[in-house]
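Reviewing the structure listed below.
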Amino acid sequence: MDVSSILASHASKYQPIEVEKETPLQVDAGYLAVTDPNPIDEENYKADLESHLTSLARDGIQSLLASLFTLPTKRSDDGPLAQLPPPSTALPRAKPLPKPKPPTKWEQFAKAKGIQHKKRDKKVWDEDKQDWINRWGRDGKNREKEEQWITEVPMNADVDHDPRKAARDERKSRIAKNEKQRLGNIARSNPRDERKKEIDRTLTTARISTASMGRFDAKLEGEKKMRGVKRKFDPAEVSIESEKKASIALLSKMDSDAKKMRRAPEREKGEPVLNVRKAVRFASKGRGGVALGRDSSRGKGKTSRRK
């Protein structure tokens, strides 16, 4: 039985696996991209655009799949995965390369002395708690002296020395020093921008220091309009759940404010409203009622003599 005709008809339905062109296609498996450097066939392009584009896409996909099957693979739960090589096509950047930041004072000193930077871990081991705790921040190791229930006081300390307050002030001073150094590094890296921001802040402060908040002041040439604070209003129609939460929050705030207010002490029956002792002490400047009476009698005598 001759089956050559059947095989030929079957083969005519499928195109060959190997793509042969005058100029080989450029396959970049790293980007999963294929570039066709061959010129466009103008006759096929004008005759049937869809079939021409489909043929070009088929050739590119076939070349890409053929290159992927030649790559090394690794096992996974979803099946074998191909290990893509690094891309070979150099793509242009959308933005220019960032400029290198100028070194800080500490970086210059460390480079001159040969000091290598060692990154600290965020967690440290606490022997008392037998657990890993934060080095900084809430419940951090840097606040250990502030939270101790017993602290050793130096012999030459003052009477009112507070170890917890001293430790807290020292920590705050370190934070302020680091912030000052950070701002100094930023100012040295961008002196012009930092100076411009400082001038804008000073100008804004001077403008709002007048009674009219700078509304009737003379404008400088090229001065920008000062931005105001826009009021935000809640929507007129809200859901029942949101209105309920807002009402409960308002009532709880009113309750807390009422507790904070000082209430006048209750007076017993027969007790006068005026605190006589306090009034006498205030009028006599702490000398007592006898001195106040003596001064008042002297004042009457002087007035009668003058008359």
Side-chain angles (χ1 to χ4, degrees), residues 101-191 193-195 197-202 204-206 208-209 229 232 245-268 275 277-279 281-282 285-287:
K101 295 182 180 179
T104 61
K105 275 189 173 182
W106 165 250
E107 291 175 352
Q108 294 176 359
F109 175 78
K111 185 178 180 181
K113 297 295 183 180
I115 302 174
Q116 296 182 357
H117 176 68
K118 184 179 180 182
K119 188 175 182 181
R120 292 184 178 182
D121 297 331
K122 295 183 179 180
K123 298 284 186 178
V124 292
W125 178 257
D126 191 351
E127 294 292 343
D128 298 335
K129 299 180 181 179
Q130 292 295 312
D131 192 10
W132 292 94
I133 62 174
N134 296 326
R135 185 184 294 272
W136 303 284
R138 185 178 181 182
D139 301 332
K141 189 71 173 178
N142 60 336
R143 298 189 180 184
E144 185 178 14
K145 294 183 179 180
E146 302 176 24
E147 299 175 356
Q148 288 181 352
W149 63 277
I150 184 171
T151 308
E152 183 179 358
V153 180
M155 295 295 295
N156 57 351
D158 297 335
V159 179
D160 57 347
H161 177 71
D162 189 355
R164 298 183 64 179
K165 184 177 181 300
R168 184 176 182 275
D169 294 343
E170 183 180 358
R171 180 175 59 85
K172 291 293 185 180
S173 64
R174 289 197 304 268
I175 294 174
K177 180 182 177 182
N178 294 336
E179 182 66 16
K180 183 179 179 181
Q181 291 178 349
R182 187 184 70 85
L183 295 177
N185 293 331
I186 294 175
R188 280 191 297 272
S189 61
N190 297 319
D193 297 343
E194 192 65 24
R195 180 60 178 166
K197 290 180 181 178
E198 184 179 356
I199 293 174
D200 291 341
R201 286 194 297 266
T202 306
T204 304
T205 306
I208 63 177
S209 61
V229 180
K232 296 182 179 180
K245 289 182 179 179
S247 302
I248 293 175
L250 180 60
L251 290 175
S252 61
K253 184 178 180 181
M254 293 172 62
D255 188 21
S256 62
D257 292 342
K259 291 180 180 178
K260 292 179 182 178
M261 292 176 62
R262 293 184 176 180
R263 297 180 180 178
E266 297 181 358
R267 295 184 293 103
E268 298 180 359
N275 190 341
R277 289 185 177 181
K278 188 174 181 180
R281 187 167 59 251
F282 178 78
K285 298 181 180 179
R287 293 181 297 171

Taking all non-hydrogen atoms of both residues, which atom of [X] and which atom of [Y] are closest, and how far apart?
{"X": "Trp106", "Y": "Ile115", "value": "CH2-CD1, 4.0 Å"}
{"X": "Ser252", "Y": "Ala249", "value": "OG-O, 2.7 Å"}
{"X": "Arg135", "Y": "Asp121", "value": "NE-O, 2.8 Å"}

Is the shortest heavy-atom distance from the side chain of Arg143 to the side chain of Trp136 under 4.5 Å? no
Heavy-atom check, side chain of Met254 versus side chain of Leu250, under 4.5 Å: yes
Atom CD of residue position Glu152 - does it have more than 12 heavy atoms of other residues, nucleotides or ligands inside 6.0 Å? no
Look at atom CD of Glu127 and say whether more than 12 heavy atoms of other residues, nucleotides or ligands are closer to it than 6.0 Å. yes
Measuring from atom CH2 of Trp125 to atom CD1 of Ile133, what distance do you get when rounded to the nearest 0.5 angstrom? 10.5 Å
Taken to the nearest 0.5 Å, the spacing of Gln108 CD from Thr104 OG1 works out to 7.0 Å
Consider only side-chain N and O atoms of Asn134 and Lys141, and report whether a donor and an acceptor are under 3.5 Å apart. no
Summary of salt bridge (charged side-chain N to carboxylate O under 4.0 Å, His left out) pairs that have at least one residue in residues 155-167, sequence neighbours excluded: Lys165-Asp169
Output yes when Lys111 and Glu107 qualify as a salt bridge under the 4.0 Å nitrogen-oxygen rule, no when they do not. no
Of Gln181, Arg174, Lys180, which meets side chain to side chain contact (heavy atoms under 4.5 Å, CB included) against Lys177? Gln181
